[in-house]
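Whatever order the structure lists them in is the order used to number ligands and atoms, beginning at 1.
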Amino acid sequence: MGQSLYIETYGCQMNVNDSELVASILTDAGYTLCQSAQDADIVLLNTCAIRDNAETRILGRLAHFRDLRATQTPHLTIGVLGCMASRLKGELLSPRVGANLVVGPDSYRELPRLLARAQNAVAIRLSDRETYQGIAPLRYATNGVSAFVSIMRGCDNHCTFCVVPFTRGTERSRDPLSILQEVEVLRDTGYREVTLLGQNVDSYRWSMGAEGDLPFAGLLERVARQAPGMRIRFSTSYPNDLTEAVLHTMAQYGNICPHIHLPVQSGSDRMLRAMRRKYTRAEYLQQVARIRAIIPTVAITTDIIAGFCGEQKVDHQATLSLMREVGYDAAFMFKYSDRPGTYAHNRLPDDVPEEVKTQRLAEIIELQNELSLQSNMHDVGREFEVLVEGDSKRSAEDACGRTGQNKMVVFKKQQSEPGQYAHVRIVSCTSQTLLGELV
Ligand code: 5AD
Ligand code: SF4
């Protein structure tokens, strides 16, 4: 039997999918996946660099493995993959951190060769081509119901706060035939939901020769037709790149979920300009109105950053008022974290004091809890098709699953099995969860 391998994944859904690619590449090369780091000859951390606190946590975990190697398992190989590999490069090999391998998001095909060589190494060159064509992700940590399919890699947007274009490189789309083939395999192995992934799915584009270019709307339609029994989701949309064609496709196909994640970042035009987002507050609100006119049942969620460079009280108030105006169903909310290498780091002073960031974030979270509760209360008394994912966290008598709008529902499970659709009436809710009963 080959050496055993343990992979730990941090950060976004793209990283979850990348870990599945890595698992596929390495099991093909003879390595065996194991469930716990204790049993492993090789530990790979697939890392995130988006905010400083993500990195700090991962460095703590690396220190743990380094100590483990020093005291108990001298043969242990420690590898850092993903965005921190891209960002910190050879620094991660220093005795202080103690990694043996540093491999960036476009270099995973090199892993078997690097591991076989058993020398410390760094492979972080970014590519404008690599889409891991021909590698079938190994779904090793799945619920068997829902899977990610990446449709593009990298990002060309260059928002001034964001490290992603530096860590994941330039934007490139994946061949639609291989995407459709992957969806077909998922469908045939019993998966019921697929999420198409990209940093900015609206810039998906593939040249189909004489037929012209296939944009994201066209891809979405093909996927929806390919797997009529599966739910289709996608993430992430860039507010003013999201086309009307995508919205009409969503409205037309019942299996495309009525949910759009539409990161706004800030409600202040001055901040949006400093962030180099390509829309104004008014344009964003127009887009929201257009989405709701075409897909009345839609849920809209967002990302918000508190305390970006130069943010004043009025800017923060504008974010709060925009949140109210949109009435988001849910949001991911963050304190601005200065990232070395970005435009904001080089040119804009990180001048909002930490306590002010903390205070503003708290206000944003409190407001979102209110809005989420309102959104959930609106669903009480209504009925939804819920795709069952498994037992609820609290009780094995309850099942949990999601509505098309991506809201979590908990209900007495009776006969419901993961992967089935349950018809559920919502009877009550919290700001985080809907509580229902089978009808
Ligand atoms: N600080 C805080 N949040 C950030 N994000 C991206 N970069 C930063 C940063 N430097 C957030 C954005 C993005 C989400 C994935 O992470 O809101 O949409
Ligand atoms: Fe970062 Fe902007 Fe790309 Fe999103 S779209 S990953 S926020 S640069």
Could you tell me whether the side chains of Asp156 and Thr170 share a donor-acceptor contact shorter than 3.5 Å? yes
Under 4.0 Å, heavy-atom basis, I'd like to know which part of Ile50 is in contact with ligand 1: side chain, backbone, both or neither. both
Check each atom of ligand 1 against the heavy atoms of Phe334 and keep those under 4.0 Å away; list them by number with element. 3 (N), 11 (C), 14 (C), 16 (O), 17 (O)
Would you kindly check if the NZ (Lys) or CZ (Arg) of Arg51 is within the cone defined by 45 degrees around the ring axis of Phe334 and under 6.0 Å from the six-membered ring centre? yes
Which of the ligand 1 atoms, numbered from 1, are nearer than 4.0 Å to a heavy atom of Arg339: 10 (N)
State, without any angle test, whether Gln287 and Glu283 hold a side-chain donor-acceptor pair at a distance under 3.5 Å. no
Taking atom types as modelled, find out whether Gln312 and Asp315 have a side-chain donor-acceptor pair closer than 3.5 angstrom. no
Suppose I only count heavy atoms of Gln265 and a 4.0 Å limit; which atoms of ligand 1 are within that range? 12 (C), 13 (C), 17 (O), 18 (O)
Using a strict cut-off of 4.0 Å, indicate which atoms of ligand 1 neighbour a heavy atom of Tyr336. 1 (N), 2 (C), 10 (N)
His261/Tyr328 aromatic ring centres below 6.0 Å: no
Suppose I only count heavy atoms of Arg51 and a 4.0 Å limit; which atoms of ligand 1 are within that range? 1 (N), 2 (C), 3 (N), 4 (C), 5 (N), 11 (C), 16 (O)
Below 4.0 angstrom from a heavy atom of Lys335, which ligand 1 atoms are there? Numbered from 1 as shown, please. 1 (N), 2 (C)
State whether the shortest distance between N or O atoms of Ile304 and N or O atoms of ligand 1 falls below 3.5 angstrom. no
Answer yes when Arg174 and Glu182 have at least one side-chain N-carboxylate O distance shorter than 4.0 Å, and no when they do not. yes
